[in-house]
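Throughout, a chain's letter reflects where its sequence line sits, starting with A, and its residues are numbered from 1. In this text, all values refer to a predicted model and were calculated from it rather than measured experimentally.
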Amino acid sequence: MAMQVALEKLFAIMPFLFGIGFIAPLVAQSMAVWGWEAPSGMSPIMLGLLIGGSWGLYATIRGRWI
Amino acid sequence: MTDNPSTPDTISQEVFARQVADGPALPLAADDTLDRHTRVDLLKQERAIAAKYQGGPMWGYVVAALGGFAMWLALFPLTMFGVVHPLITLVVSTFLTVAGYVTCHEAMHDNIAKRGSRYRWANQLVGEVSLLPIAVPFSMGRVTHLEHHKHCNHPEKDPDYTDEAPNWWMAWYKTWWNRQPRVDGTINRYKTVCMALDTRESRIALKQTMVVQLIYLATLFTMAWNGHAIAAAVCWWLPRQLGLSYIRYFLSWAPHHPREGQTERYVQANIFKSHVGHFLSMCMETHLIHHLHPGIPNHKTRAAYMEMKPILEKRGVDCSAL
């Protein structure tokens with residue numbers, strides 16, 4: 001039962017985890033492939049975490065990605 | 001691999017028995033003067049044709065499922081190490097993802113090998129490997145698909161009813177919309193249906209769904225943080241998104257639209273002409289045949305339809321498209 005509750009909580013925040021776990025590195029690696037630079041001297045992964053984290057958080061709260 | 005081809009499937013048997021007993025339950029849209037004798041005679045003719053197409057060699061599906069799964073797995077290292085271009089991987093993996101549903105669909109109906117057959121393991125194996133590209137376990141696919149057949153086009157009981165949309169472009173949009181984290185569609189609806197069923201099979205399906213989803217996400221995260229995010233995206237993430245939309249559109253929306261009120265036997269699915277052809281629409285143009293006789297393998301539904309067409313027309317089915 002405790003396991004089930006823990007997993008339910010994990011899946012409830014999964015969009016946020018997906019944002020930092022997948023979208024962030026995808027953004028950073030895509031920038032590297034296409035030769036794009038992050039603004040304001042930010043590293044690509046920092047920008048990726050900013051985009052992925054905030055987008056994932058939005059999806060977690062709203063229940064929709066857009 | 002070939003069970004007795006003349007043995008009608010269980011669903012057809014149940015439907016036949018019910019219809020003979022309760023004549024008025026049959027939809028008689030074309031000619032409501034059909035008497036009981038005519039109805040029974042038409043049903044016998046329909047079943048005789050169906051029996052000719054049921055069964056037969058199914059090794060092609062086994063080879064396609066296992067070969068497709070092996071190819072899909074191979075794309076991961078081949079893309080990670082730059083042997084295959086990511087765009088080629090995206091196209092091939094999306095095709096394999098969609099094709100996997102077709103082979104799994106046969107396994108859901110026990111068409112690869114019936115229960116008790118010496119080849120039963122092949123049915124299970126095909127089902128298990130075929131749905132992994134969409135990150136759904138066979139158990140979940142089977143439970144919910146059989147519920148779809150049992151309660152076809154019922155707003156609450158048909159797990160696929162949420163795919164309904166007023167037109168084709170809204171249908172495509174809805175395939176994406178239904179996958180949003182807290183929208184009651186696709187996998188979220190499937191989970192709700194399984195919880196409501198609360199059978200041994202549905203409980204197993206729920207547990208296995210959680211496991212498969214965790215493996216899917218753990219794989220994406222691990223690959224991504226080890227420098228292979230693009231490979232993960234084109235091998236699994238994007239093909240799953242594109243493949244699911246394609247599957248939902250051609251397997252659920254196109255053959256069942258419009259769903260509202262279409263719960264009777266001969267109106268549960270349509271005969272339609274697909275713009276992408278019979279093969280690329282996964283043989284869904286003749287999906288009505290599948291609903292009437294799920295024991296007929298997917299690749300034979302068109303031939304069965306052509307032979308059954310005069311009978312279906314007498315039943316009031318609109319056969320003008322094909």
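- Both the backbone and the side chain of B:Leu220 have a heavy atom closer than 4.5 Å to some heavy atom of chain A.
- B:Arg182 places no side-chain N or O within donor-acceptor distance of the main-chain N or O of A:Ala12, the cut-off being under 3.5 Å.
- Counting heavy atoms from C-beta on, the side chains of B:Ile230 and A:Ser30 come closer than 4.5 Å.
- Counting all heavy atoms, side chain and backbone alike, A:Gln29 lies closest to B:Ala224 at NE2-O, 2.8 Å.
- Of the atoms belonging to A:Ile23, not a single heavy atom falls under 4.5 Å from chain B.
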Practice prompt. List the steps, then state whether side-chain contact (heavy atoms from CB on, under 4.5 Å) holds for A:Ile45 with B:Trp225.
Written response: CA-CA 10 Å; A:Ile45 193 63; B:Trp225 280 97; 3.7 Å; yes
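- Counting heavy-atom neighbours within 6.0 Å of A:Met42 CE, excluding the residue itself, gives a total above 12.
- Contact record, B:Leu214 with A:Met14: CD2-CE, 4.4 Å, taken as the closest heavy-atom pair.
- A distance of 13.5 Å separates CG of A:Leu26 from NE2 of B:His228, quoted to the nearest 0.5 Å.
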Discussion item. Between A:Ile20 and B:Phe221, is the side-chain contact (heavy atoms from CB on, under 4.5 Å) condition met? List the steps.
Written reply: CA-CA 9 Å; A:Ile20 57 172; B:Phe221 295 178; over 6 Å; no
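- The 12-atom threshold is exceeded at CD of A:Glu8, counting heavy atoms of other residues, nucleotides or ligands nearer than 6.0 Å.
- Ring geometry for A:Phe22 against B:Trp237 counts as perpendicular: the plane angle is over 60°, on a 0 to 90° scale with 30° as the lower cut.
- How far CD of A:Gln4 is from CE of B:Met210: 7.5 Å, rounded to the nearest 0.5 Å.
- Using a 4.5 Å cut-off between heavy atoms, B:Met223 does not touch chain A at all.
- Only the side chain of A:Phe11 comes within contact range of chain B, judged by heavy atoms closer than 4.5 Å.
- With a 4.5 Å cut-off on non-hydrogen atoms, A:Leu7 touches chain B through its side chain but not through its backbone.
- Between B:Trp176 atom CH2 and A:Trp65 atom CH2 the span is 11.0 Å, to the nearest 0.5 Å.
- Proximity to chain B is limited to the side chain of A:Val33, based on heavy atoms less than 4.5 angstrom apart.
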